[in-house]
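Sequence lines set the chain letters: A, B, ... in the order given, protein chains first and strands last, and positions in each chain run from 1.
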Amino acid sequence: MSSVALHRLAHGRTGDKGNRSNISVIAYRPEDFALLVEQVTEARVAEIFRHRHPTRVTRYLLPKLHAMNFVIDDVLDGGVNSALNLDSHGKSLAFLLLDMTIEIPGGRT
Amino acid sequence: LLVGGGAGFSGDRTDVAEPVVDTMIARGLPSVLIFETLAERTLALAQLARCVDPEGGYEPLLVEMLTPILAKCLANRVRIVSNFGAANPRAAARRIALLARELGLRPPRIAIVSGDDLSGADYRPLLREAIGPRIDQISVVSANAYLGAQPIAAALLAGADIVVAGRVADPSLVVGPALAHFGWAEDSWRHLGPATMAGHLLECGAQVTGGYFADPGRKDVPGLDDVGFPIGEIREDGSCEISKADGTGGYVTTATVKEQLLYEVHDPAAYLTPDVTADISDAQVTEISRDRVRVSGVRGHPRPATLKVNVCHEDGWLAEGEISYAGRGAEARARLAADVLRRRLAPLDLRVDLIGTLSVFADDAGRMLSQAPVGDARDVRLRVAASHQDKRTAERLTREVTALYTCGPAGGGGVRTSLRSRLDTLSCFVPRESIRAHYEFLP
C-alpha cells in the first residue's frame, strides 16, 4: 500500500451560491474513479472542512463523467457578501480538498 | 445555431468578443453573441449607480464591450443578447443606439426585456409574503426576479438585432436564441434541458476554454494570456459542441468541459432555471476533434412553479487593513501585531490572516489559525478585517492598523486600508404568475 495526494488522480473546481460551496472531483483516468468513490467520502470531506463548521456534506456521483460533486452547506462564513475572508467566494477551496491523501492498493501505479 | 460567449462577468476582458464574432462569421451559420455580466452583487451596485444618475445603472463597460464588434454584428446578422442592461435596460438600449450613430452604423432594432425589477412599492406585498416581516427591517437596494428565455425568444422572433435584459437566468441568454431558432415548444423539456446546459457552459466565458483551470505541471494551458472565448454549436435536438474562437489561446478539452459542467451545480439531476429542470446525471462529454467537445445525454424535466428573487440590502461596513513584515522573525512580528490589534479593538471581532503562512483556507473565527503551529515564515503580510453596522466603529480598525507604523512591532511596512459599505442578499421564491416578463422595442 502506498499513498498519493488526490490531486495526482483528480482535478476539480469550486463554485459558490450564497453560503454553499460545490466542489467537483474528476478522475483524470476512468480506471481510478472506483478508488475515488471508495475513499473520497462525505465523512472525509466533512473532516477536511471541519474548521469551517459545515452543516451538511452531500456527494453526488456522475459515473459517465468519472466525476463526483460535493455540495457543502454553510461552509463560507456567510458567503460572498458576508464573509471576512479575502476569498469570500471560496474559489480556493478545491485545492484544500485535492490535498487529501488517497491510499493506493499494492501493485498499482 | 452558433452561440458565442463574449463576456463571463462584469469586468471581463473587452478584446475577446471580436475573435468570437470573426469565427462565427467564418463558419457561416446563424449566430448569436451573448454577454453575461450580472453576478449576484452586480445588480445592487447598478441600482445604486442608477440612484446617483437616472441614465446610469447598466454595465459600466457597455461601450467598451460593443465598440469592437457592433459594426460586424450588424453587417453579418450576428445578433446580440445580454443582461448588460442590469438595473436600467432602457438606458443601456439608448446608449447602444447612440453608439451605433457615433460609429456611423444603421440604427439597430433594440429590444428591452423588463419585468424583473421588483424594487417598486407595488411589489412590496409580494416580497413580504415570500420573505416575511424581515423585509420591513432592512434597507432594500434592489429586488429582482430571475426571468427566463421566453421574452428573449419573442424579441428575436420579432426581429431584434440586440436584446437588452436585466436579471435573467444566465443560461436563458442561450436558451432564448435556441427557442427562437428551432421553434421548440415552451414545455419541450427534452430540448430545453440540453440547451440550458449549453448556456451554462457558455455563460462564464473563458471558464470552459482554459480559464479558472490552468495549473502548471498538472493542467498546462497554452496561451492563457490570450485565452479564447467559447462558441457553442447547438443542434436541433438541443445537444451541443463546445469550441472556441480561432487563432486564440486556451483549449477546450473533456476536462475543461467537465469542470465547467459541474460549476455551481448542486444536485446534478435538478439544475433549476426558470425554463426547465435540467438533469446531467447521465451526461457525457466526448472529444470530437482538437478544441471541440460534444456534450450529450442531458435530460430535461418540468420547470419549477416559482421564480427565484434576489433582494439586496444594506449591511453595514467592512473595514480591512494590511501590513507587511519580512526577514528574520517576520511571522512572530506579524502575530504580535495581530495581538496588539485584538487588544486595541476589542470587542470588535477581527479576522486575522497571515498571508504567506495561512489565509484564504482558514475560517473567519480563527479556529484553523489557532491550531496552526507557529512557524518562522520570513515574508508575511498581516491582514485583518471586521464588519460592523456602525461606520465609525468599523473605521477604528483602519486607524489602528495605520498606527502600527510607529506603535507596532519592528519593521512593519506597506500599510493599506479600506472601508466599504456592504450589501447582503436574501433569496426567496415567488409564484411564476406574479411576474410579468415582457419585451418592447426601443422607439
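A salt bridge links B:Arg351 with B:Asp353: the distance from a Lys NZ or Arg NE/NH1/NH2 to an Asp or Glu carboxylate oxygen falls below 4.0 Å. Of the charged side-chain nitrogens involved, at least one lies within less than 4.0 Å of a carboxylate oxygen, so that B:Glu259 and A:Arg13 count as a salt-bridged pair.
The neighbour count for B:Arg416 CZ, taken as heavy atoms of other residues, nucleotides or ligands under 6.0 Å away, does not exceed 12. For CG of B:Asp349, the number of neighbouring non-hydrogen atoms (other residues, nucleotides, ligands) closer than 6.0 Å is 12 at most.
Heavy atoms closer than 4.5 Å to chain B are found in both the backbone and the side chain of A:Leu84. The parts of B:Ile280 that come within reach of chain A are both its backbone and its side chain, each placing non-hydrogen atoms under 4.5 angstrom from that chain. Interface residue A:Thr14: backbone and side-chain heavy atoms are both found under 4.5 Å from chain B. Interface remark: B:Arg422 contributes side-chain atoms only to the contact with chain A (heavy atom separation under 4.5 Å). Residue contact with chain B, scored on non-hydrogen atoms closer than 4.5 Å, involves the backbone and the side chain of A:Ala83 alike. Only the side chain of A:Asn69 comes within contact range of chain B, with at least one heavy atom under 4.5 Å from a heavy atom of that chain.
Judged by distance alone, with hydrogens and angles left aside, the side-chain atoms of A:Arg59 form a donor-acceptor pair with the main-chain N or O of A:Val37 at under 3.5 Å. Side chain of A:Asn22 to main chain of B:Val265: a donor-acceptor pair is present (N/O by atom type, distance under 3.5 Å, no hydrogens or angles). No donor-acceptor pair under 3.5 Å is formed between the side chain of B:Glu395 and the backbone N or O of B:Leu397.
Most heavy-atom pairs under 4.5 Å with chain A: of the set B:Gln284, B:Glu320, B:Arg383, this distinction falls to B:Arg383. Between chain B and the options A:Ile26, A:Leu86, A:Leu62, the largest number of non-hydrogen pairs under 4.5 Å is found for A:Leu86. Heavy-atom pairs under 4.5 Å with chain A peak, among B:Ala39, B:Ala386, B:Ser427, at B:Ala386. Contact count against chain A (heavy-atom pairs under 4.5 Å) is highest for B:Ala283 among B:Ser281, B:Ser359, B:Ala283. Between chain A and the options B:Thr254, B:Asp215, B:Asp363, heavy-atom pairs under 4.5 Å are most frequent for B:Asp363. Considering only heavy-atom pairs separated by less than 4.5 Å from chain B, the leading option among A:Ser82, A:Ala94, A:Ser21 is A:Ser82. By number of non-hydrogen pairs under 4.5 angstrom with chain A, the leading residue of B:Asp364, B:Asp315, B:Leu262 is B:Asp364. Options B:Glu40, B:Lys219, B:Gln371 differ in how many heavy-atom pairs under 4.5 Å they form with chain A, and the most are formed by B:Lys219. Counting heavy-atom pairs under 4.5 Å between each of A:Ile23, A:Val80, A:Leu96, A:Asp87 and chain B puts A:Leu96 at the top.
Shortest non-hydrogen contact noted between B:Thr277 and B:Ala269 is CG2-O, 4.2 Å.
Note on ring orientation: taking the six-membered ring where Trp is involved, the planes of A:Tyr28 and A:His11 are tilted (angle from 30° to 60°).
For the atom pair CZ (A:Phe95) and CG (A:Leu93), the distance works out to 11.0 Å, reported to the nearest 0.5 Å. From B:Ile138, atom CD1 reaches atom CG of B:Asp424 across 9.0 Å, with rounding to the nearest 0.5 Å. Here the CZ-CG distance, from A:Phe33 to A:Leu61, works out to 5.0 Å after rounding to the nearest 0.5 Å. Rounding to the nearest 0.5 angstrom, the gap separating the CD1 atom in A:Ile104 from the CZ atom in A:Arg8 is 11.0 Å. B:Asn144 CG to B:Arg167 CZ: the interatomic distance, rounded to the nearest 0.5 Å, is 6.5 Å. Between the OH atom in B:Tyr146 and the NZ atom in B:Lys308 there is a gap of 5.0 Å [rounded to 0.5 Å].
Of all residues spanning residues 47-56 of chain A, those with a heavy atom less than 4.5 Å away from chain B's heavy atoms are A:His51, A:Arg52, A:His53, arranged by number. Of residues 199-209 of chain B, those residues with a non-hydrogen atom less than 4.5 Å from any non-hydrogen atom of chain A are, in numerical order, B:Gln207.
The only option from A:Lys91, A:Arg20, A:Lys17 that meets the salt bridge (charged side-chain N to carboxylate O under 4.0 Å, His left out) definition with B:Glu264 turns out to be A:Lys17.
Side-chain contact annotation: B:Arg381 with B:Ser324, donor-acceptor N/O pair under 3.5 Å present.
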